[in-house]
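Take a look at the structure set out below.
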Amino acid sequence: MPEESVRPLERGLAVLRALAAAEPGQLRAGDLVRATGLARSTVDRVVATLGRLGYVRARGPQLHLAPRLMELGNAYLAASGLTGEVAARTARLADELDESVSLAVPDGDGVRFVTQAARRRAMSVAFRIGDLLPPERCAPGALFAAAWGEEEWTAWHARVAAVPAHEAYPALPPGPAPTATPDLHARVARARETGWALDDQLIEPGLIAVAVPVRDTAGRVRYALSAVSHTSRYTARALAEAMLPRLRAEAARLEGLSEPEPEPEAGPGPGVPVAVEEEPGPGFLQSLARGLAVLRALGAARGEGLPLTALAAATGLPRATARRCLHTLEQAGYAAHDGRLFRPLPRVLELGHAALSRLTFAELAEPHLRELADRVHQSASVTVLDGTDIRYVARAATVRVMSVRITVGTRFPAYATAMGRVLLAGLPRQERERLLKAAPPRALTPRTLTDPVELARVLDRAAADGHATADQELEDGLRSVAVPVRDAAGQVVAALNIAQHAGTGPLSRTRDALLPALRATAAAIETDLHTAARFNEVRMT
C-alpha cells in the first residue's frame, strides 16, 4: 500500500510557497486562496498554525513571513555541511576582492545560492540566499552539469524546450534574456578542460562572474565559489584573470575545513513548541506543526542522512507519524531517501529563506518594537554605537500629548543616554576608555554625569545588571531605561530602550515597571537575530 501523504503539511507548504513568492506585505488571506486553490477556511487554519509557530505575522489584513521561518532553510544549510565559519570566510573574501562572492549548490537541474556576500554599490548583485538560477545562464551551472548523466541532460533539454527560463526561474531579471540559450554542452566541456567557468552577461547585460568548484572528500563538486562583478569594472576575461588565483586558493581551504557538529539553532521562544504533542487551541493544525518539526530535525542529517528512528526520537513523534511526514516532504521535493537515510534538499530554501535573508537588523527589530510600544504605551527605540555616539536604527513612536520625538538616524552622545551606557558597558574596558577620552563628557543638563571615575562605575554597574538608566541627563524632563541586545556569541550589538517624560515618580519605579517588558522584547529580537544570522550576514545599519 502506498505511503499516505499528510494533507495539512502539503497545504502548509503550499501556503508558505505562495507567501514567499509574493512581494513583502502584499498578500492577504484572500490572495492565498487564489494562489493555492485552497478553501478560505483551510487557508485561515494554516495561517493561524504558522502564526502560532512564529513563522508568519499578521499586520492588519496583511501577512508577512517572520524571521523564525529561516529555521527551515537553516536546517538544510546545516545538513549540507555549511557552517558559520564558511559563511564568514565568504564575507571576508568579498571584502578582500572588493567584489560580490557567493557559494551555490546544485538543485535538480538548477543552481541555488547558499551564501551571498554582496558589495554595497549602486550596481550590485540582487540575488539572495535561496534563489534558483538556470544552469545555462550562470557560471556555477557549467560546473554542476559536468556531473550530469543521461537522465539529467534529458530533463534539462525538455525544460529548455518547454518553459521559458524566466517562467521556471522567478529569480531571473524580468524581460527577455540578453542572449539566445547558451550552448551548455560547450560550456561544460570548457569547464572540464580548465577547471573553472565563466558567465559573460548570460543573465543580464553587464553582469559577469567566474566560478570554481569546491569538492568533497569523494571528489564531487559540493559547492561552486563565484566572484561576481560588472563590465564597468572588468571585462569577463579580465575578471577571470584577476579572481581565479584567489578563488582557487579559497576553494582549497574550504575543501580542507573540518565539519564540526551543527551550531545550535536559536530556540523556539516562549510558548512555541518544537514538536507539538497536543493541540493548543481551536484551528491549530497539529499535523502541519509536526511535519515542520520533522523538517527542522533534518538539520542534524550531516553526511549521508539520518535514519527514521533518529528523526522520530528527535521530534518525540511515533515512527509511523514521522514516516508519513517524511514521505510528504519527499514527495514535495524537500527531502530525499536512499532506502535507509533521510536528508533535506536545497529546495527547502524556497520556503521564504530568500525573502528573509535580506532583512536588516532594523527590519528584524521593528515588529517587536511596535509590540513593545503598544504594550507600555511609550515610544521604544533601538540604537547601535557609532563612534562615540549612539545612532537610532529603528523606532516605534506612540502618539501622546507629550511624547519623545526622535527619528531614525538621530545621534546623541553615548555617555549621556541609557542606550549609550548599555553599549559602552558591552565593550572591552580599554576600548570603552579610549572612546570616552576621544570625546570627554560635557554637561548637557545640570544632571549630566561627567566625572570619569563615577561614569566608569555606572558603566560597570550596567554591565553587571544588564540594564542602564538615564534621568534627565540628555535633556531636561527626559528619562529612559535600556537593555542590551546580544548576538549569538553573546556580544552586545545594539541597545533597546523606552523613553518617557520624567514626571514626578522616582526613577526606581520607572525602571522596575519597564524592565520586564524591555527584557522580553530584547529576547525576542535576539531570537530572530540569531536565526537570521546563523548562515547569513545581517546588516546592522
Side-chain angles (χ1 to χ4, degrees), residues 2-73 130 132 167-168 170-171 268-269 271-296 315 317 321 324-335 347-356 359 363 366-368 370-371 374 528:
E3 190 79 56
E4 279 189 44
S5 295
V6 181
R7 293 290 292 160
L9 177 56
E10 290 180 341
R11 293 163 180 158
L13 294 170
V15 168
L16 284 174
R17 286 194 296 271
L19 282 166
E23 289 295 320
Q26 297 298 309
L27 218 60
R28 305 183 180 202
D31 300 317
L32 287 174
V33 170
R34 290 185 288 275
T36 63
L38 298 173
R40 176 60 186 261
S41 59
T42 300
V43 167
D44 287 344
R45 292 190 72 191
V46 168
V47 169
T49 302
L50 294 173
R52 178 72 178 86
L53 294 173
Y55 289 163
V56 172
R57 289 192 183 109
R59 191 182 306 165
Q62 296 177 333
L63 301 172
H64 298 257
L65 298 176
R68 188 171 291 161
L69 180 61
M70 294 180 77
E71 289 176 344
L72 304 183
L132 187 70
E167 292 182 12
V272 181
V274 173
V276 181
E277 295 302 328
E278 298 179 3
E279 186 169 320
F284 188 84
L285 296 172
Q286 188 183 57
S287 296
L288 171 57
R290 287 176 167 176
L292 295 178
V294 170
L295 182 52
R296 293 198 303 275
T315 56
L317 298 174
T321 301
R324 289 183 62 218
C325 292
L326 288 163
H327 171 73
T328 304
L329 293 170
E330 186 179 3
Q331 291 298 109
Y334 298 117
R347 193 184 180 194
V348 174
L349 294 170
E350 77 175 7
L351 299 176
H353 209 90
L356 293 166
L359 290 179
E363 290 167 331
E366 281 168 1
H368 301 291
R370 286 195 297 270
E371 292 176 6
D374 289 344
D528 282 353

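Sequence positions, counted from 1, serve as the residue numbers for this chain.
Put simply, the side chain of Thr328 gets close to the backbone of Val6: a donor and an acceptor are under 3.5 Å apart. Looking only at distances, a side-chain donor or acceptor of Thr49 sits under 3.5 Å from a matching main-chain atom of Leu285. When atom types are taken as modelled, the side chain of Thr321 and the backbone of Leu317 share no donor-acceptor pair closer than 3.5 angstrom.
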Criterion side-chain contact (heavy atoms from CB on, under 4.5 Å) on Leu329 and Leu9, from CA distance to verdict: CA-CA 8 Å; Leu329 293 170; Leu9 177 56; 4.2 Å; yes
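When all heavy atoms are compared, the tightest approach of Leu63 to Ala58 is CD2-CB, 4.0 Å. For the pair Thr315 and Ala293, the tightest heavy-atom approach, listed with the atom from each and the gap, is CG2-O, 3.7 Å. Between Gly54 and Ala66, the shortest heavy-atom contact is O-CB, 3.3 Å. When all heavy atoms are compared, the tightest approach of Gly291 to Cys325 is CA-SG, 3.6 Å.
Residues Arg57 and Pro67 have side chains in contact (heavy-atom distance under 4.5 Å, counting atoms from C-beta outward). Taking 4.5 Å as the limit, every side-chain heavy atom of Leu69 sits out of range of all side-chain heavy atoms of Val56. Put simply, the side chain of Val294 reaches to within 4.5 Å of the side chain of Leu326, judged on heavy atoms.
Atom CG of Leu16 is separated from atom CG of Leu32 by 9.5 Å, given to the nearest 0.5 angstrom. Distance check: Thr36 OG1 to Glu10 CD gives 12.5 Å after rounding to the nearest 0.5 Å. Here CZ of Arg59 is found 4.0 Å from NE2 of His64. Values are rounded to the nearest 0.5 Å. Separating the CG atom in Leu72 from the CZ atom in Arg296 is a distance of 7.0 Å, to the nearest 0.5 Å. Atom CG of Leu19 and atom OH of Tyr55 lie 14.0 Å apart (nearest 0.5 Å). The CZ atom of Arg11 sits 11.0 Å away from atom CG of Leu288, with the distance rounded to the nearest 0.5 Å.
In this view, Arg34 and Asp31 satisfy the side chain to side chain donor-acceptor pair (under 3.5 Å) rule, not counting sequence neighbours. With sequence neighbours excluded, the residues satisfying side-chain contact (heavy atoms from CB on, under 4.5 Å) with Ala332 are Leu13, Tyr334.
A salt bridge between Asp44 and Arg40 is present, with a side-chain N of the basic residue lying under 4.0 Å from a carboxylate O of the acidic one.
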